[in-house]
Amino acid sequence: AGGVGGTVSGGSISVPGGYGLAGFLALANMASGMGANGLFGSGGLSRVVADVAGVAGQGYGAGGSGGPANTTNRAGGAGTAGLIIVWEFS
């Protein structure tokens, strides 16, 4: 199963993170799960090459993909920071 999305608290508009996608193994080829998309960013792409690190998310609030591994554990890609927009009215 993919990872759980991030949580939020407070604010006028709160959008929690989405779930990452699950990886799979088919005919000895490992594919990692894609990172979750955010409202302002795209999740890291799935990797099909074995034994490499995952791909980092792009933009704001996006998850990194998993790192596919056949022989050695690999790190997933880094997620990106969220976004806070402050509007000041006078």
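All heavy atoms count here, side chains included; hydrogens, waters and symmetry mates do not.
Hydrophobic clustering (side-chain heavy atoms under 4.5 Å, transitive across Ile, Leu, Val, Met, Phe, Trp, Tyr) keeps Val86 apart from Leu39.
Annotation for Thr80 and Tyr60: closest pair OG1-C, 3.5 Å, computed over non-hydrogen atoms. Considering all non-hydrogen atoms of both residues, Arg47 and Ala53 come closest at NH1-O, 3.1 Å. The minimum heavy-atom distance between Gly41 and Ala62, with the atom names listed, is C-CB, 3.9 Å.
In terms of modelled atom types and a separation under 3.5 Å, the side chain of Ser46 and the main chain of Ser32 share a donor-acceptor contact.
With a 4.5 Å cut-off on side-chain heavy atoms, Leu45 and Ser65 do not count as touching. Under the 4.5 Å side-chain criterion, counting only non-hydrogen atoms from C-beta, Val52 is not in contact with Arg74.
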